[in-house]
Amino acid sequence: MIQAILVFNNHGKPRLVRFYQRFPEEIQQQIVRETFHLVLKRDDNICNFLEGGSLIGGPDYKLIYRHYATLYFVFCVDSSESELGILDLIQVFVETLDKCFENVCELDLIFHMDKGGLSAAPARAVSAVKNINLPEIPRNINIGDLNIKVPNLSQFV
Amino acid sequence: MALKMVKGSIDRMFDKNLQDLVRGIRNHKEDEAKYISQCIDEIKQELKQDNIAVKANAVCKLTYLQMLGYDISWAAFNIIEVMSASKFTFKRIGYLAASQCFHEGTDVIMLTTNQIRKDLSSPSQYDTGVALTGLSCFVTPDLARDLANDIMTLMSHTKPYIRKKAVLIMYKVFLKYPESLRPAFPRLKEKLEDPDPGVQSAAVNVICELARRNPKNYLSLAPLFFKLMTSSTNNWVLIKIIKLFGALTPLEPRLGKKLIEPLTNLIHSTSAMSLLYECVNTVIAVLISLSSGMPNHSASIQLCVQKLRILIEDSDQNLKYLGLLAMSKILRTHPKSVQAHKDLVLQCLDDKDESIRLRALDLLYGMVSKKNLVEIVKKLMSHVDKAEGTTYRDELLTKIIDICSQCNYQHVTNFQWYISVLVELTRLEGTRHGHLIAAQMLDVAIRVRAIRKFAVSQMSALLDSTHLVASSTQRSGICEVLYAAAWICGEFSEHLQEPHQTLEAMLRPKVTTLPGHIQAVYVQNVVKLYASILQQKEQAAEPEAAQDVTQLMVDRLPQFVQSADLEVQERASCILQLVKHIQKLQAKDVPVAEEVSALFAGELNPVAPKAQKKVPVPEGLDLDAWINEPPSDSESEDEKPKGIFHEEEQRHAKQQLPEADEEELARRREARKQEQANNPFYIKSSPSPQKRYQDMPGVEHIPVVQIDLSVPLKVPGMPMSDQYVKLEEERRHRQRLEKDRKKKKKKDKEKKGKPRHHGSLHTESDEDITPAQQVDIVTEEMPENALPSDEDDKDPNDPYRALDIDLDKPLADSEKLPVQKHRNVDNSKSADKEDVPVVEKKIKKPKKKEKKHREKEREEKGKEKEGEDLDFWLSTTPLPAAAPALPSPLPAEEGEEPRREEQGDEEEDDDSERDPEKKSSKRKKKKHKKEKEERSKDKKKSKKKKPPSDKAAEPVENGALDEEPLPPMSSYCLLAENSYIRMTYDIQGSLQKDSQVTVSVVLENQSCSFLKNMELNVLDSLNTKLARPEGSSVHDGVPVPFQLPPGISNEAQFVFTIQSIVMAQKLKGTLSFIAKNDEGSTHEKLDFKLHFSCTSYLVTTPCYSDAFAKLLESGDLSMSSIKVDGISMSFQNLLAKICFHHHFSVVERVDSCASMYSRSIQGHHVCLLMKKGEKSVSIDGKCSDSTLLSNLLEELKATLAKC
């Protein structure tokens, strides 16, 4: 199960923060900060897993992250998740954002926070427990003033 | 009103929206906090307005601020207002905000119940979806209780999008409201076989998550998961299932045996690394769970290790990391297979990535042997020198100690070397693990008698360099080593070369800067040293020298008397008085050495970990009887154990500080137990313990065991630095020693006449220290027992504990989900709306009751069967012993599985051979078909597994069919054909679109011309129209999106809109195309008639038998029947055919009678009852539309007539 999804930039500014377990705001910020310091220390060419331990809920949890340009995408998951699966999931998530916003960049996330929240819905579904089957995200959501084209994504291998 | 609206929107123009806020924050970098508080004030103003758009905007901004760490719970009520907006974009903002800031403590959350319920039942799937996702983040026990039933209903929603979310959120509901698990579980289980892969995946996830916490309750699902595992191609699902099996195998070893084969196949076949990795992991778990070896056991291990090696050798650091991680799991049970890859692990130690180095270190632990220990440790030591950053260095240090001390120094053959390593480690700066090194030094010095001399010389050197060690204040960690050094020098002072020098070193003024507990040890051991010097001097008849030493003591001890540490102070003043007294005696020329030495007489012996437990109770002592009636419970509890410990402590005063309280003792004892368990050196040695202890009154009952080092250790005096240089030499020497040692050991054993237990040192030493009397004193005496036992392991607050529920027990009446009674949606309407008509509890009850009786027996039987079932299923692997005992339907089942896999493979291959464009559409189609086929097969299988014997008598629910293999069926029928092209087509509806069907046309080029510019056109009727691209007129055709080279076929899909579906339709159409060959190109066309049968508007929809009964009872359906004679086909095949061609699902079947259900794209329910007589078949139909029904029956009749 995914406990949290954190997206922050190279300076540790939160860009998208989803916790699927209740933490007070201060703790949330503290977790973001600590996570940031943990991942910041790491080179780009070393492995993407961190045994975060104390951050969220103990030794069963791992931090799995990817670094894209100016953004870090960090997923905090427990041992029921496949590490490589989550890495793929992050990739897919980023691709989804990319397709939604056409060449996603850091600012898209904050300027379209409402939409970002929605596209995190797959990931959120993730949180609610799960894993998503990407091809099943509804295509071309078109309601009222909102129009999001969800692209076809390659099947996860 | 209108004016107000206008005014509102004008106001809004001047409001900041989210973008402005973000921009503003970026522009106010210096005074961000001030700017934000200003914005919050504005937001508060905005929230006071009536305009919902303004409010939504405000809440949207708040959501952003919440992310930045600002508390927005004060706006909870406004968030609820926005949640209840009718416009989706606003509603979504509301739910997003709620999901970020609502939690169980939010008091207004109860106001949301009705709003959420309304949204859940909204006709728009997006409203429902957003409510579900939002709810998943803030569901409380109250919400869960109130909404459980609504969400459960949504699990059978027509849209997979909603079903998927509903299934996922049920997990959160279970967590908050565990009572809902049992009622909801059957439906959840059903979703494992949902036609939509997303929903299926969701269900798998939920069940896996549940099963992970309480695996034993889900063991009965193993066959179902096994089937999914062998049939699913969705890697996400596979990974989850495989992980789940990893959790289940420890509970059921037979399951493991069954799993090995398919998992091995997957390992061989998959190209996805993630899947491969999980398979390997689960195979490892299986192998661990299988205690006894199985035939291809080692092959599986080899395979895993091989695959892991590939991972580790990969350049991708992630794979490397995971490979090492998995390797360490194998290591625990099969160290040999891993040891072969030592080179690789050592290589990883040099990796630049710290995480990988740490993993490699873990592995090293299991790789050492007597032969390579020195080499490996040398390597690690060089890493210690190079390491940057204290954490990694500390990790290295602990690993070195772990590696050397594991299994009671099993691999250490030269303890001088080990002591040198420890001493070298003390040179580390800033380590936190001084106490670890100290503990090792003490342990080795006490237990390895032969090393004491060497240890003492090293330790005295350490003490001499005290100024080095203690000079820098930052090294507080390492000074712990002095604790050990001082104690060893004091206790074994007889081995000291120059005791006087050491004594002086210990009395230096610098010592007073050490931590109190170390000073205390110094003080105590100074006296031991003093005693031995005295004795030495007196024997040498040098009274003056002896007096000098006394004088030194008298001079230096006062510095400790002034210590701030109470312990130091007390000991020092006590000893000072003693020494002063001795001084007086010495002045009178009285020999004192004897008496002073008597203070520390006697050998210190390590105590067996279980010694205390084994102390026999003297006869006549009733430990449970009160000595004095206790005034209160709590007091007596404190007192009683204390008395006992006290006694014991006095006997061992040297070893245990009397201050240690009970818990501390328990802890220490536990630690010691671990440390000392299985100690080969921990074997009684001195002639006979009994005899020995008789000399010492009072201790005879304590089975103290003495160490005898049976290894004659190498000559002392070898300088440490040389040791590494002479590695080779030493190794050879060591091997010789080993042999000696083995011989000696054997001899020892023979002497003791103990039986050998698999040569395991563990049992051996344990046995040896076990005294004859087995005394079982519980709790109070044995604080060990008070440690968390299995049961206490679970945290009572653990939310998953509540979900430990037996799911196989039949549901009781009381276990229904609460159904909302007020604002009841009327039944017929809900039945219309829902896919599976939800039976309201109130109405259902009488019916249920009546059924209960019938069902009860069956259920009981069923339950029993399920247990057997699992056993049966599990035992199907070639289990030589069990096989003959089992009934036979098994071969059929096993035979079927590979076939289906093959079929799947074929299709896959097929697909990949064709060009990619085709592939997508084709695959979709095929998948669909395959799914259908598979479903019916699955059902068949699941049924088959249940009652092998008395199946005929029992009605079967929701299952279709039979044992016989079904004839191959295709739903494609010929549309038109000429010399160029052949067209076949199939029509599918979807429950999502009530006035649309998709016609899939397969075009096959039968000529040797190249066909291009294909265009399909039909003559629309009033009722049925071809959906054309925007902007084209009704007379334009729809281009086919591909060209056909000779001999190739491909599939094109066309969407038609339909108004009424109660009648079959025929549309005339034309396919025009250009045929191009060597001679040139010609325009060709092919006319066809597209037949829209009523069947094509039906969508296969599963239905519960009770919902089905309810539907029939309602009386809203019109009825009609047909009868067809002269049918020879078996009922199973007939049923399969009807189900397949006419899109029905079987609700219930008894012998040769079956009820079926289907649903039209416009929501008509169609119920059929088919009975087979001797040579005839009769079908009764009920449907919400009589025209539709009669047309359908005509079509059925036509199908049957062909049978």
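Order of the sequence lines fixes the chain letters, A, B, ..., with proteins taken first and strands second; residue numbering starts at 1 for each chain.
Here the straight-line distance linking atom CD of B/Glu278 with atom CD of A/Glu81 works out to 9.5 Å at 0.5 Å rounding. In this structure, CG on A/Asn48 lies 7.5 Å from CG on B/Asp316, to the nearest 0.5 angstrom. Expressed to the nearest 0.5 Å, how far CZ of A/Arg42 lies from CD of B/Gln317 amounts to 9.5 Å.
Contact tally against chain B (heavy-atom pairs below 4.5 Å) for A/Val32, A/Val17, A/Ile27: the top residue is A/Val17.
Proximity to chain B involves both the backbone and the side chain of A/Glu83, based on heavy atoms less than 4.5 angstrom apart. With a 4.5 angstrom heavy-atom cutoff, A/Leu87 touches chain B only via side-chain atoms. For a residue to count as touching a neighbouring chain, one of its non-hydrogen atoms must lie under 4.5 Å from one of that chain's; by this rule B/Phe138 does not touch chain A. Proximity to chain A is limited to the side chain of B/Leu319, based on heavy atoms less than 4.5 angstrom apart.
Minimum interatomic distance between B/Leu325 and A/Lys62 (heavy atoms only, all atoms of both residues): CD2-NZ, 4.0 Å. Scanning all heavy atoms of the two residues, the minimum distance from A/Ser82 to B/Ser274 falls at OG-CB, 4.0 Å. The nearest pair of heavy atoms linking B/Cys101 to A/Glu25 is CB-OE2, 4.5 Å. Shown here for A/Gln29 and B/Gln66, the closest heavy-atom pair between the two residues is NE2-O, 4.2 Å.
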Begin with the C-alpha distance, continue with both residues' side-chain angles, and end with the deciding distance and a verdict on salt bridge (charged side-chain N to carboxylate O under 4.0 Å, His left out) for B/Lys243 and A/Asp78. CA-CA 12 Å; B/Lys243 267 189 171 281; A/Asp78 66 17; over 6 Å; no

Determine, step by step, whether A/Leu84 and B/Leu275 satisfy the side chain to side chain contact (heavy atoms under 4.5 Å, CB included) criterion, reporting the C-alpha distance in whole Å, the side-chain angles of both residues, the deciding distance to 0.1 Å, and the verdict. CA-CA 9 Å; A/Leu84 294 172; B/Leu275 184 58; over 6 Å; no

